[in-house]
Amino acid sequence: MKRVGFLTSGGDCQALNATMRGVAKGLYHIYGDEVEIIGFEDGYKGLMYANYHAMNRSDFSGILTKGGTMLGTSRQPFKLMREPDENGLDKVELMKHTYYKLKLDALVVLGGNGSQKTANLLSGEGLNVIGLPKTIDNDLWGTDMTFGFQSAVDIATNAIDYIHTTAASHGRVFIVEIMGHKAGWLTLHAGIAGGADIILLPEMPYDLDKVVQKITERTKGGSRFSILAVAEGAISKEDAALPKKEYKQKLKERAAKYPSVAYEIGAKIQEKTGQEIRVTVPGHMQRGGTPVPYDRVISSRIGAHAAEMIDRGKFGRLVVMKNNVITDITLSESAGRLKTVDPESDIVKEAALLGISFGI
Ligand code: F6P
């Protein structure tokens, strides 16, 4: 009998259930009734405090299209993993205790950057861990694609599409703020797909004058409106030059004045152009709803691959997609590294050729 634990960790996304279904179907196919799946509740917390339940075939039925995660999730920052919990207990030891008490043969962790760092830590402690690449940000190092990303692109693009029609009617400048604090993949893809005029990414600190110049050029050229796709982590070139500590302080001051970055940029553009600005923040909608078919396909493939890895005893690895091939790399290779948008990449150059301004 094989015993496999599942947990979903960090921010949720659309294809978590679809991916767990993929692993489960693969395992049932390989082992028939000779496999037991244990679902840990609310991410690593469930593993720490032994909150789990046994799952069966029917749990994985009818969930391919269901967003969210049937196991629940929570953020358990990696940097606090080595700090004792509120009762003074060692979190890593607690997790190991649950793993060994349940006599697990493997632990499957569906998570993004921070979660995979913890997966790597647990693997280093001797647990049989397999990481699966989740996040709407697509910023996990080592994989071309994470599940959740394309579904979020779909929603963020829809938001820009809707804004397009109202922006055209009113002749206003609209800013759509898109999720992604450190990586701009979602903003870049949704911005291109939604026909944004200006895209501001964390990886490409913007010059406000260049942004204003683009808007002014469009107005002079007869365009009644402009649309900006702005990442949550968009940063001006002045702020990017600040020492980390000073920038953090600036962010605190900004939070007291504006709800988020898009409002700050909007106020500055309004001041410089006198144009009417409106801001839209789709926020957590971008993580909600049903996974798009692309995500259903990669989650199913990733899940099947993970089941095969369990059967082969291939642990301490992260399932990734490379050039459309589902494969795996060591968790340690990916841990602590972020996949960000390269300002010199083809996609950025092509977008610029389309006339999209990055404010640089
Ligand atoms: O990592 C996924 C993500 O949605 C980011 O794009 C976003 O910056 C962050 O999570 C929001 O986190 P929370 O759900 O904790 O507010």
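Whatever order the structure lists ligands and atoms in, that order sets their numbers, starting from 1. The figures here come from the full heavy-atom set of this structure, side chains too, leaving out hydrogens, waters and symmetry mates. The residues of the chain are indexed from 1 along the displayed sequence.
- Using a cutoff of 4.0 Å between basic side-chain nitrogens and carboxylate oxygens, E308 and R312 are scored as salt-bridged.
- Among all non-hydrogen protein atoms, the one lying nearest atom 8 (O) of ligand 1 is E232 OE1, 2.6 Å.
- Classification of D209 and K272 as a salt-bridged pair holds, one side-chain N sitting under 4.0 Å from a carboxylate O.
- Contacts with ligand 1 closer than 4.0 Å are made by no heavy atom of L186, backbone or side chain.
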Run D85 and K91 through salt bridge (charged side-chain N to carboxylate O under 4.0 Å, His left out) and show every step you take. CA-CA 6 Å; D85 73 356; K91 293 171 191 157; over 6 Å; no
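- Here H164 and F225 bring their ring centres to under 6.0 angstrom of each other.
- Annotation: atom 3 (C) of ligand 1 to nearest protein heavy atom, R287 NH1, 3.4 Å.
- A heavy-atom separation below 4.0 Å is not found between G112 and ligand 1.
- Among protein heavy atoms, atom 10 (O) of ligand 1 sits closest to R75 NH2, 2.9 Å.
- Taking a cutoff of 4.0 Å between a charged side-chain nitrogen and a carboxylate oxygen, K250 and D239 qualify as a salt bridge.
- For H284, every heavy-atom contact with ligand 1 shorter than 4.0 Å involves the side chain, none the backbone.
- Taking every non-hydrogen atom of G180 and a distance limit under 4.0 Å, the qualifying atoms of ligand 1 come out as 6 (O).
- In summary, the atoms of ligand 1 found under 4.0 Å from a heavy atom of M179, numbered by their order in the structure, are 4 (O), 6 (O).
- For atom 2 (C) of ligand 1, the closest non-hydrogen atom on the protein side is D137 OD2, 3.3 Å.
- Residues passing the side chain to side chain donor-acceptor pair (under 3.5 Å) test with E276 are R172, R278, sequence neighbours excluded.
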If you look only at distance, which donor and acceptor atoms sit under 3.5 Å apart when one is on a side chain in residues 148-157 and the other is two or more places apart or in another chain?
residue, atom, partner, partner atom, Å
S151, OG, V292, N, 3.0
S151, OG, D295, OD2, 2.5
T157, OG1, V153, O, 2.6

